Amino acid sequence: MSLFVEMNLTCPNCAEVFSFEAVGSVNADRRPDLRDEILEQSFQTATCSACDHEFRLEPDFNYLDVGRGQWIAALPAQALRDHLEIAAGKQAIFDLSYGDAAPSAAQGVGKDLIRRLVFGWPALREKLVLAELGFDDVLWEVAKLDLLRSLPEAPLAEGVELRLMGLSEAGDEEALLDLVWVRSESEEVLNHFQVSRGLYDEIAANPDPWVPVRAMLAAGIFVDMQKLFMGDGAAAPPPSESPAAVAPPP
């Protein structure tokens, strides 16, 4: 079931204190409307009772969708720097709930779940979009790394992320992937562009040349190209190499 806890919030606009039901966990199988709200980018948006100012709480909950095989621990974007320690703790929580330390019935559910850790709403939403499209998220991160080498301008900076918003199809025309550069905390979109779906399909059809990069990305439950740029942990490439440098040539 999905769990909510009533808490007091302080409006960042007028400092009014008001109550709001903050999410503790989401079960998308029983509450598909909550999944829809995440995709619509409206989930956990609070409205001040005094000045009507709207603002969104940072994610801090576990997301379960057995039908799509997803278990996701979603945390605030600013916690990204501590991803190594957080990943270990969230893996332990999964093990107690659905893994080796769980009752046999729960283990039966857990064996079909892909476990992931994300930071910020844009990252969580992207995982849901990938599941909807049937994309492998490890291969998608490889595709993003490959794309970076061909972009004339890539606003790479801490707190700025490249995220997939969805797929655009127009009759017989080529399907296009909608991407944005977005600030992870504020969700401010800096740039929007489209690329051919072939960016992903070509890598999915021939993933073998990408084995080293795939292994780095798939190490642990935090599957995101950002960890390759952070330089802390076994998943990072050698200091003399950029993530693009360890990828095969086009």
Side-chain angles (χ1 to χ4, degrees), residues 3-5 7-15 17-18 20-26 34 37-48 53-64 70-94 115-130 137 140-141 144-145 148 154-165 179-192 216-217 219-236 243:
L3 299 176
F4 290 83
V5 178
M7 63 183 299
N8 290 330
L9 301 180
T10 301
C11 176
N13 183 55
C14 71
V17 177
F18 63 98
F20 183 80
E21 285 197 335
V23 66
S25 65
V26 168
L34 301 183
E37 288 182 22
I38 295 173
L39 290 170
E40 293 164 0
Q41 302 177 83
S42 62
F43 187 54
Q44 290 289 272
T45 297
T47 302
C48 175
H53 176 70
E54 290 187 350
F55 60 98
R56 198 176 188 192
L57 276 67
E58 285 270 24
D60 192 357
F61 62 95
N62 292 336
Y63 174 94
L64 175 67
Q70 289 183 297
W71 182 92
I72 305 172
L75 290 177
Q78 60 264 31
L80 174 62
R81 283 257 163 213
D82 299 319
H83 71 89
L84 291 174
E85 296 82 359
I86 292 172
K90 293 301 182 181
Q91 179 64 59
I93 290 174
F94 178 87
R115 305 173 294 282
R116 292 294 182 257
L117 169 65
V118 299
F119 297 92
W121 290 114
L124 173 59
R125 185 185 184 281
E126 183 179 61
K127 294 296 185 187
L128 305 194
V129 170
L130 292 171
D137 65 337
W140 173 242
E141 295 301 319
K144 287 197 288 188
L145 285 170
L148 288 182
L156 284 173
E158 186 169 357
V160 177
E161 304 172 347
L162 179 60
R163 296 296 174 193
L164 175 65
M165 299 299 291
L179 293 103
V180 295
W181 286 103
V182 59
R183 296 192 187 279
S184 55
E185 288 191 43
S186 67
E187 301 182 70
E188 175 192 1
V189 174
L190 304 179
N191 186 22
H192 171 269
M216 289 189 288
L217 288 166
I221 65 173
F222 179 47
V223 175
D224 195 302
M225 72 173 184
Q226 292 185 95
K227 69 182 180 182
L228 304 185
F229 294 90
M230 298 178 69
D232 55 351

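What you are looking at is a predicted structure, and each value in this text was computed from that prediction instead of being measured.
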E158 side chain near R81 side chain, heavy-atom distance below 4.5 Å: yes
Test salt bridge (Lys or Arg N to Asp or Glu O under 4.0 Å), reference R56, set E187, E37, E185, output is E187
- prompt: Counting N and O atoms only, with roles assigned by atom type, does the side chain of R183 sit under 3.5 Å from a partner on the main chain of V160, one being a donor and the other an acceptor?
  reply: no
Closest non-hydrogen atoms of A87 and I221, given as atom of the first, atom of the second and distance, are O-CD1, 3.7 Å
The reported gap from CZ in F229 to CG in L145 (rounded to nearest 0.5 angstrom) is 5.5 Å
Do L128 and R125 come close enough that some side-chain heavy atom pair is under 4.5 Å?
no
The reported gap from CZ in F20 to CZ in F18 (rounded to nearest 0.5 angstrom) is 7.5 Å
>> Does the plane of the ring in H83 sit parallel, tilted or perpendicular to the ring in F222? Use 30° and 60° as the thresholds.
In response: tilted
ask   = Taking NZ, NE, NH1 and NH2 as the nitrogens, is one of them in D224 or R163 under 4.0 Å from a carboxylate oxygen of the other?
value = yes
Between the OG1 atom in T47 and the NE2 atom in H53, the distance rounded to the nearest 0.5 Å is 9.5 Å
Interatomic distance, CD@Q44 vs CG@L34, rounded to 0.5 Å, equals 9.0 Å
Closest non-hydrogen contact found for A154 with L148 is CB-CD2, 4.2 Å
When every non-hydrogen atom of T10 is compared with those of F55, the smallest separation belongs to O-CZ, 4.2 Å
d(E126 CD, M165 CE) to nearest 0.5 Å is 9.5 Å
For A79 and F119 the tightest heavy-atom approach is O-CE2, 3.6 Å
Here the gap from L162 atom CG to L190 atom CG, rounded to the nearest 0.5 Å, amounts to 11.0 Å
L75 vs K90, test: side chain to side chain contact (heavy atoms under 4.5 Å, CB included). Steps then yes/no. CA-CA 10 Å; L75 290 177; K90 293 301 182 181; 4.0 Å; yes
Hey, is the main chain of Q70 close enough, under 3.5 Å, to the side chain of K127 for a donor-acceptor pair? no
Practice task
Look at the rings of F43 and W121 and say which category their plane angle falls in: under 30° parallel, 30 to 60° tilted, over 60° perpendicular.
Solution key: perpendicular
Between C11 and C14 the two heavy atoms that sit nearest each other are SG-N, 3.4 Å
Closest heavy-atom pair, E58 versus A77, reported as atoms and distance to 0.1 Å, is OE1-N, 3.6 Å
